[in-house]
Amino acid sequence: QVQLVESGGGLVRPGGSLRLSCAPSGTIFSTMGWFRQAPGKQRELVAGITSGGSTNYADSVKGRFTISRDNAKNTMYLQMNSLKPEDTAVYFCALDDVRGYISRASSLYDYWGQGTQVTVSS
């Protein structure tokens, strides 16, 4: 059973930055992603990264967010810059232990973190 531990959420002003971290238990070489869910909305893929480092982003965050992974530290990151109020949501890291590509379907991810709140407000 894989456990994903997230950290780094919080309250930030519009235009500010945050970095989220996700550390899986054990050594993982799988596709991973960051999803977010705002109240009343469906969970959506924000960014994904394969074990080989290929990435994919939601159009709404391209140019502002960067996903990365440090295999030596067994940790995935989401650097979020130029944050907007519409980025406010609970952010979840997720791991797909089956596919080698990035899927936008949350149902295809096998393991999930507990979620971390990101609030962008002045």
Side-chain angles (χ1 to χ4, degrees):
Q1 183 77 9
V2 176
Q3 292 185 331
L4 305 177
V5 180
E6 301 153 353
S7 61
L11 172 64
V12 64
R13 295 182 185 275
S17 298
L18 282 175
R19 188 176 80 158
L20 306 182
S21 300
C22 175
S25 58
T27 301
I28 303 295
F29 293 101
S30 302
T31 295
M32 297 184 70
W34 287 98
F35 285 77
R36 67 185 179 188
Q37 188 165 20
K41 294 189 176 182
Q42 289 189 335
R43 191 170 296 190
E44 63 171 352
L45 178 72
V46 175
I49 187 166
T50 66
S51 59
S54 297
T55 59
N56 198 354
Y57 295 91
D59 289 342
S60 59
V61 307
K62 283 181 182 176
R64 300 188 298 122
F65 291 11
T66 302
I67 189 171
S68 62
R69 63 196 299 166
D70 184 335
N71 289 334
K73 295 182 178 180
N74 202 37
T75 302
M76 177 180 68
Y77 304 98
L78 184 68
Q79 178 66 43
M80 304 185 292
N81 298 328
S82 302
L83 282 160
K84 304 175 181 180
E86 51 262 44
D87 294 317
T88 296
V90 178
Y91 284 70
F92 300 88
C93 72
L95 186 148
D96 178 351
D97 207 17
V98 176
R99 281 149 287 274
Y101 60 88
I102 300 163
S103 172
R104 295 185 178 276
S106 60
S107 61
L108 297 184
Y109 287 75
D110 305 287
Y111 302 99
W112 291 84
Q114 78 281 5
T116 186
Q117 176 70 46
V118 171
T119 302
V120 184
S121 175
S122 55

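As the structure is a prediction and not an experimental result, all values here were calculated from the model.
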Rounded to the nearest 0.5 Å, how far apart are [atom1] of [X] and [atom2] of [Y]?
X    : Y    : atom1 : atom2 : value
Y101 : N56  : OH    : CG    : 12.5 Å
D96  : S107 : CG    : OG    : 10.0 Å
S25  : L4   : OG    : CG    : 7.0 Å
Q3   : Y111 : CD    : OH    : 10.5 Å
I49  : S30  : CD1   : OG    : 12.5 Å
N71  : S51  : CG    : OG    : 8.0 Å

Heavy atoms, side chains only, cut-off 4.5 Å: are [X] and [Y] in contact?
X   : Y    : result
C22 : W34  : yes
V46 : F65  : yes
P14 : K84  : no
I67 : M76  : yes
S21 : E6   : no
M32 : R69  : yes
E44 : R36  : yes
T50 : I102 : yes

*asked:* Working note: F35 + W112, criterion ring pair (Phe, Tyr, Trp, His ring centres under 6.0 Å); need CA distance, chi angles, decisive distance, verdict.
replied: CA-CA 10 Å; F35 285 77; W112 291 84; 5.0 Å; yes
When you measure from the side chain of [X] to the backbone N and O of [Y], does any donor-acceptor pair fall under 3.5 Å?
X    : Y    : answer
D110 : D97  : yes
Q37  : V90  : no
Y109 : S103 : yes
R99  : L108 : yes
T116 : G9   : yes
D70  : K73  : yes

Can you get from [X] to [Y] by hopping between Ile, Leu, Val, Met, Phe, Trp and Tyr side chains that sit under 4.5 Å apart?
X   : Y   : answer
Y57 : Y91 : yes
L95 : F92 : no
L20 : V2  : yes

*For atom CD of Q114, is the number of surrounding heavy atoms from other residues, nucleotides or ligands below 6.0 Å larger than 12?*
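Yes, because the 6.0 Å sphere around CD of Q114 holds more than 12 heavy atoms from other groups.
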*CD/E86: more than 12 non-hydrogen atoms of other groups inside 6.0 Å*: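 Counting other residues, nucleotides and ligands, CD of E86 exceeds 12 neighbours.
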*asked:* V118 vs M80, test: side-chain contact (heavy atoms from CB on, under 4.5 Å). Steps then yes/no.
replied: CA-CA 10 Å; V118 171; M80 304 185 292; 3.9 Å; yes
*Heavy-atom pair with the smallest gap, counting every atom of R13 and S122*: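 The pair with the smallest heavy-atom distance is NH1-O, 3.4 Å.
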